[in-house]
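These notes are about the structure you will find just below.
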Amino acid sequence: MSVYTRLQQLGLTLPPVAVPAAAYVPFVQTRRLVFLSGHIAKRDGKPWVGQLGLTMTTEEGQAAARAVAIDLLGTLEAACRAAGTTLDGVRRIVKVLSLVNSTPSYTEQHLVTNGCSELLGQVFGPEVGAHARSAFGVAQLPLGACVEIELIAELA
């Protein structure tokens, strides 16, 4: 089944690539690998501000990580177009790295990150969407965002 059919079934519309807020580019391709810069969680077009374990629950964090995944997919689609393909040309989601703005005692960063990982699995299926992953708790993120995630994908 096409990635675009799955997106439609999930009721998802991919956003355009966000304009970088600092001195970086949204993605870099080297050979068959595409590295996506970190994307912060947004709600209603603004940074989704919060700290897990203080002002946000794990479930809210999962929703934020899912929102990040949707933005990452928009950027990945732009990277695919630049490479002359589409999201159907993604051979593998290789790695997801998640940073979760959390208190020192909060220990569910991995569960927050599932919001992103599970959506990638739904969109790409288990063979392409299953990926290596790291999830870290951090003291703060840019603009006070609750979650930031970067992604590496392999193109066919």
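With a 4.5 Å cut-off on side-chain heavy atoms, F136 and L97 count as touching. Annotation: side chain of V49 is not in contact with side chain of L143 (no heavy-atom distance under 4.5 Å). The shortest distance between side-chain heavy atoms of F124 and R92 does not fall below 4.5 Å. Residues S98 and R133 fail the side-chain proximity criterion, which asks for heavy atoms closer than 4.5 Å. In this structure the side chain of I149 never reaches within 4.5 angstrom of the side chain of H39, judged on heavy atoms. A heavy-atom distance below 4.5 Å is not found between the side chains of L52 and T103. The closest side-chain heavy-atom distance from L87 to Y4 is below 4.5 Å. In this structure, the side chains of K95 and H131 stay at 4.5 Å or more apart for every pair of heavy atoms.
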- May I have the step-by-step check of side-chain contact (heavy atoms from CB on, under 4.5 Å) for Q29 and F35, ending in yes or no? CA-CA 6 Å; Q29 181 179 354; F35 295 77; over 6 Å; no
- Item | Derivation of the side-chain contact (heavy atoms from CB on, under 4.5 Å) call for I93 and L151 | CA-CA 8 Å; I93 302 298; L151 181 145; 4.1 Å; yes
- Task: Walk me through it: do V3 and T86 pass the test side-chain contact (heavy atoms from CB on, under 4.5 Å)?
- Result: CA-CA 9 Å; V3 169; T86 68; over 6 Å; no
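In this structure, CZ in R91 is found 12.0 Å from CD in E127, a value given to the nearest 0.5 Å. Taking CG of L99 as the reference point, atom CD of E150 lies at 7.0 Å (rounded to 0.5 Å). Interatomic distance, L76 CG to L120 CG, rounded to the nearest 0.5 Å: 9.0 Å. Atom CZ of R43 sits about 7.5 Å away from atom SG of C146, to the nearest 0.5 Å. Put simply, CG on L119 and CG on N114 are 12.0 Å apart, with the number rounded to the nearest 0.5 Å.
Under a hydrophobic clustering in which Ile, Leu, Val, Met, Phe, Trp and Tyr are joined whenever their side-chain heavy atoms come within less than 4.5 Å, directly or via other members, V68 and W48 fall into the same cluster. By the rule that hydrophobic residues join a cluster once side-chain heavy atoms approach within less than 4.5 Å of another member, V96 and V128 end up as members of one cluster. In terms of hydrophobic clustering, with Ile, Leu, Val, Met, Phe, Trp and Tyr side chains grouped at heavy-atom distances under 4.5 Å, L73 and L36 are assigned to a common cluster.
Using a 3.5 Å distance cut-off with no hydrogens or angles, the side chains of Q140 and N101 do pair a donor with an acceptor.
Listed here is the closest heavy atom pair of V34 and F27: CG1-CB, 4.2 Å. Of all non-hydrogen atoms in A83 and L155, the two that sit nearest each other are CB-CD1, 3.7 Å. Heavy atoms only, all atoms of each residue included: P142 and E148 are closest at CD-OE1, 3.6 Å. Annotation for V90 and C80: closest pair CG2-SG, 3.8 Å, computed over non-hydrogen atoms. The shortest heavy-atom contact between A65 and T113 is CB-CA, 4.4 Å. Of all non-hydrogen atoms in Q51 and S102, the two that sit nearest each other are NE2-O, 3.4 Å.
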N/O donor-acceptor pairs under 3.5 Å from side chains in residues 6-15, not counting sequence neighbours:
from	atom 1	to	atom 2	distance (Å)
R6	NH1	M1	O	3.4
R6	NH1	V123	O	3.1

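Within the structure, the salt bridge (charged side-chain N to carboxylate O under 4.0 Å, His left out) test picks out the following pairs touching residues 64-86 (sequence neighbours left out): E77-R81.
Side chain of D88 to backbone of S2: no donor-acceptor contact under 3.5 angstrom is found. Panel note: side chain Q109, backbone Y106; a donor-acceptor pair is recorded below 3.5 Å. A side-chain donor-acceptor contact under 3.5 Å links T57 to the backbone of E60. Side-chain N or O atoms of E118 include none that pairs as donor or acceptor with a backbone N or O of G115 at under 3.5 Å.
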